[in-house]
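Single-structure report; data block below.
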Amino acid sequence: EAKAAGGGRWTLLDEEVRTRARRALRLVADLREALARGAVDVHYQPVVQPGRPARLRSVEALCRWTHPELGPVRPDVFIELAERANLVPVLDSHVLQVACRDLASWRSAQAAGDLAVSPEHVAVNVSAVSLSAEGFADGVRRVVAAAGLQLSDLCLEVTETALASDLRACRQVLEELRADGVRVAIDDFGTGYSSLAYLTDLPVDHLKVDRSFVRDLRSTTGPARAVAAAVVSLARTLGLGVVAEGVETLEQDAVISDLGCEAVQGYLYSRPLPREALLDVLRSGGELAPGPRTPTV
Ligand code: C2E
Ligand code: MG
Ligand code: MG
Ligand code: MG
């Protein structure tokens with residue numbers, strides 16, 4: 001009896017595992033195909049200079065994939081799959097190309113008088129595998145030049161974890177690109193590699209305070225504020241810019257600007273926007289009022 005029940009459970013589990021593995025394999029195949037067709041899209045989230053009104057300074061490119069049958073797949077889900085299937089370099093390079101092409105088109109539209117403003121730069125996320133792949137720096141130079149942009153029009157966002165996994169190789173590539181003008185930001189700062197020593201010798205321009213710290217900023221006191229204050233002051237001491245990620249409420253915004261953080265990115269000002277919606281913001285001068293946002297994705 002017990003044996004039969006146990007056997008049944010195993011069979012069920014087995015099936016579940018197989019179903020999940022099959023689904024993952026199919027997703028990987030579909031993602032590979034979508035990348036080959038250029039069907040993975042890019043949305044842009046404004047990074048603003050706080051104030052009333054806040055002003056768009058730059059944008060972060062974020063990949064978006066809508067599966068033909070399953071609908072939108074969350075980036076963290078398909079990026080994990082892409083990592084396992086070694087598709088991340090293809091994904092990152094696709095997003096880089098699209099982002100550079102879009103920034104170039106906004107610049108020329110602004111020059112033609114069709115847009116009031118255009119972003120100072122576009123930030124692109126790069127994973128450790130992309131960064132340490134042979135020829136990464138040359139690839140970046142080629143894509144930026146082909147779009148008619150300067151390397152200073154581009155910011156690369158890397159995570160602490162990415163840097164820790166292959167610090168030497170990553171540092172070399174970043175140093176090289178940064179010497180030519182590329183900006184570098186440490187993404188999700190405070191969540192990864194916990195030693196701060198690497199900061200003193202990494203070629204870095206900005207820290208992005210992870211949204212887990214911003215989420216708990218409810219008053220002008222308390223531990224979350226202490227952490228945020230420490231990051232802002234660390235950045236200032238090291239001569240780095242600091243961006244607060246994930247600002248959703250006026251309260252968080254007030255604490256953040258009280259700390260002297262010069263750049264904010266979060267749903268309070270804007271969700272990541274499809275191209276057309278970002279164009280509306282650029283057309284109307286890049287001003288963003290704080291307010292509740294209805295999900296776009
Ligand atoms: P990230 O680089 O830290 O990007 C910020 C994430 O926070 C985005 O999630 C964004 O939509 C979300 N976010 C922004 N403001 C708020 C807010 O106020 N509240 C909340 N709850 N969330 C907010 P998304 O687009 O789902 O991307 C997740 C992660 O996937 C990114 O985190 C990044 O690590 C990765 N990613 C996205 N695009 C790419 C890419 O092209 N290449 C690589 N390698 N990674 C990417
Ligand atoms: Mg990022
Ligand atoms: Mg981040
Ligand atoms: Mg993050």
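In each ligand, atom 1 is the first atom listed, and ligand 1 is the first ligand listed.
Residue-level check: among N/O/S atoms of Glu60, OE2 sits closest to the Mg ion (ligand 2). Nearest to the Mg ion (ligand 3), among the N, O or S atoms that Asp187 has, is OD1. Among heteroatoms of the N, O or S kind in Glu157, OE1 lies nearest the Mg ion (ligand 2).
Side-chain contact between Val255 and Glu251 is absent, with no heavy-atom pair separated by less than 4.5 Å. By the 4.5 Å heavy-atom criterion applied to side chains, Asp280 and Arg283 are counted as neighbours. Put simply, the side chain of Arg225 reaches to within 4.5 Å of the side chain of Leu259, judged on heavy atoms. Within the 4.5 Å cutoff, the side chain of Arg84 has no heavy atoms near those of the Val28 side chain. The shortest side-chain heavy-atom distance between Glu176 and Arg141 falls under the 4.5 Å cut-off. Taking the side chain as every heavy atom from C-beta outward, Arg26 and His67 approach each other to under 4.5 Å.
For the atom pair Gln252 CD and Ser257 OG, the distance stands at 12.0 Å (nearest 0.5 Å).
Evaluated for a side-chain hydrogen bond (donor to acceptor under 3.5 Å, both in side chains) with Gln265, the options Glu60, Arg211, Glu245 yield exactly one hit, Glu60. Each of Val173, Asp187, Leu177, Asp205 was evaluated against Leu156; a single residue qualifies, Leu177, per the side-chain contact (heavy atoms from CB on, under 4.5 Å) test.
Counting heavy atoms closer than 4.0 Å to ligand 1, residue Arg74 contributes nothing at all. Heavy atoms of Val124 found under 4.0 angstrom from ligand 1: none, in either backbone or side chain. Using a 4.0 Å cut-off between heavy atoms, Lys208 makes no contact with ligand 1 at all. Looking at Val247 against ligand 1, only its backbone comes within 4.0 Å, counting heavy atoms. Under 4.0 angstrom from ligand 1, there are no non-hydrogen atoms of His43. Proximity of Asn125 to ligand 1, defined as any heavy-atom pair under 4.0 Å, is shared by backbone and side chain alike.
Considering both main-chain and side-chain atoms, Cys63 comes within under 3.5 Å of ligand 1 through a nitrogen or oxygen pair. Ligand 1 has an N or O atom lying under 3.5 Å from an N or O atom of Glu60, backbone or side chain. Distances between N or O atoms of Asp76 and those of ligand 1 include no value under 3.5 Å.
Heavy-atom separations between Arg64 and ligand 1 include at least one value shorter than 4.0 Å.
Against a heavy-atom cut-off of under 4.0 Å, Val95 is close to the following atoms of ligand 1: 41 (O). Atoms of ligand 1 found under 4.0 Å from any heavy atom of Glu248, numbered from 1 in the order shown, are 17 (C), 18 (O), 19 (N), 20 (C), 21 (N). The distance from ligand 1 to the heavy atoms of Gly246 drops below 4.0 Å at these ligand atoms: 15 (N), 16 (C), 17 (C), 18 (O). Every atom of ligand 1 is numbered from 1 in the order shown, and the set under 4.0 Å from a heavy atom of Ser127 is 44 (N). Below 4.0 Å from some heavy atom of Ile79 lie the following atoms of ligand 1, by number and element: 30 (O), 35 (C), 36 (N), 37 (C), 39 (C), 45 (N), 46 (C).
More than 12 non-hydrogen atoms from other residues, nucleotides or ligands lie less than 6.0 angstrom from CD of Glu175.
For the ring pair (Phe, Tyr, Trp, His ring centres under 6.0 Å) condition, the pairs that include at least one residue of residues 104-137, sequence neighbours left out, are Tyr44-Trp106.
Rounded to 10 degrees, the OD1-metal-OE1 angle spanning Asp188 and Glu245 at the Mg ion (ligand 3) equals 80°.
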